[in-house]
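Notes follow once the structure below has been shown.
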Amino acid sequence: MVVVAPYADAITCGQVTSSVVPCFGYLSKGGPMPPACCRGVVGLNNAAKTTADRQTVCRCVKGIFVSTPGINLGNAASIPSKCGVNIPFKIEPTVDCNNGVVGLNDAAKTPAGRQATCGCLKSVYASNSGINPSNAASLPGKCGLNIPYKNSPNTDCSKYVKICI
């Protein structure tokens, strides 16, 4: 049994590797997803709260591709969805870990970032008709996200961004 301990400080490649070692068989051969793989992936995803942590995880995953022959790219790409996590980068050896690995909370620190974040959330509403508005409204607080507007499909992003400037 693999136990994933919470990370107290910045994430290291050793922690990333330890978390994904149970995934190696799946990465090369496919088959059923090992529960230990998902525990490691979920624990790692929960621990990677900052942009720096997410970029470290991304770089370490790229390093694993280089040092581990026989990884099936399709199997690697399917791990997040099979484990029920959303990660801010594609699992592939050519991913740019400096771009696209910024979380919403990091992105929402400037007026332009808040407006972009608001627009992003609104577009999620528009493309997913089954979203429960009450659950969506409570999601930012549950995730530790501090946004200066209500998470709603009717939010006027420019209005709330200007009030918070």
Side-chain angles (χ1 to χ4, degrees), residues 2-24 26-27 33-69 71-125 135-151 155 157 160-161 164-165:
V2 174
V3 177
V4 179
Y7 302 105
D9 295 316
I11 294 175
T12 67
C13 279
Q15 291 165 319
V16 172
T17 301
S18 295
S19 295
V20 299
V21 161
C23 305
F24 282 7
Y26 176 80
L27 285 168
M33 176 63 64
C37 173
C38 284
R39 283 192 299 273
V41 168
V42 168
L44 191 56
N45 188 58
N46 290 340
K49 297 292 185 201
T50 67
T51 298
D53 283 343
R54 289 185 292 276
Q55 288 174 333
T56 297
V57 170
C58 179
R59 288 182 187 107
C60 297
V61 167
K62 280 181 74 168
I64 290 169
F65 270 105
V66 171
S67 64
T68 310
I71 292 178
N72 178 297
L73 295 178
N75 292 347
S78 72
I79 287 177
S81 64
K82 288 191 177 216
C83 292
V85 298
N86 290 313
I87 60 171
F89 58 90
K90 290 183 178 185
I91 298 181
E92 60 185 22
T94 58
V95 65
D96 180 355
C97 297
N98 294 317
N99 293 315
V101 188
V102 176
L104 287 178
N105 207 31
D106 293 330
K109 289 185 177 172
T110 66
R114 286 190 292 274
Q115 190 166 18
T117 301
C118 180
C120 176
L121 292 171
K122 283 183 70 169
S123 72
V124 169
Y125 266 112
N135 289 345
S138 68
L139 188 59
K142 289 180 179 179
C143 294
L145 180 62
N146 184 16
I147 57 174
Y149 45 81
K150 184 179 178 185
N151 187 12
T155 299
C157 295
Y160 282 95
V161 170
C164 298
I165 295 173

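Just so it is clear, the structure is predicted and the values come from calculations on it, not from any experiment. Throughout, numbering of the chain's residues begins at 1 and tracks the sequence.
- Once rounded to the nearest 0.5 Å, the distance linking CZ of F24 with CG of N75 reads 13.5 Å.
- Taking all atoms of both residues into account, the shortest heavy-atom contact from R54 to K49 is NH1-O, 2.7 Å.
- Here the shortest heavy-atom pairing between V57 and A48 reads CG2-CB, 4.2 Å.
- In this structure, K82 NZ and C23 SG are separated by 12.0 Å, a value rounded to the nearest 0.5 Å.
- A distance-only check finds no donor-acceptor pair linking the side chain of R59 to the backbone of C97 [under 3.5 Å].
- Taking each heavy atom of P22 and P34 in turn, the nearest pair found is O-CG, 3.6 Å.
- Contact annotation: the side chain of V41 never approaches that of I87 to less than 4.5 Å [non-hydrogen atoms, C-beta and beyond].
- Nearest heavy atom pair, residue T56 against residue I11, reads CG2-O, 3.2 Å.
- Residue pairs satisfying the side-chain hydrogen bond (donor to acceptor under 3.5 Å, both in side chains) criterion with at least one member in residues 60-69, sequence neighbours excluded, are absent.
- Nearest heavy atom pair, residue A47 against residue D53, reads O-OD2, 3.6 Å.
- Atom OH of Y26 sits about 8.0 Å away from atom CG of N72, to the nearest 0.5 Å.
- Between C38 and C83, a gap of under 2.5 Å is found separating the two SG atoms.
- One N or O on the side chain of S81 and one on the backbone of S78 form a donor-acceptor pair closer than 3.5 Å.
- I91 contributes atom CD1, which lies 10.0 Å from atom CD1 of I71 (distance to the nearest 0.5 angstrom).
- Side-chain atoms of T17 and C60, non-hydrogen and from C-beta on, never get closer than 4.5 Å to each other.
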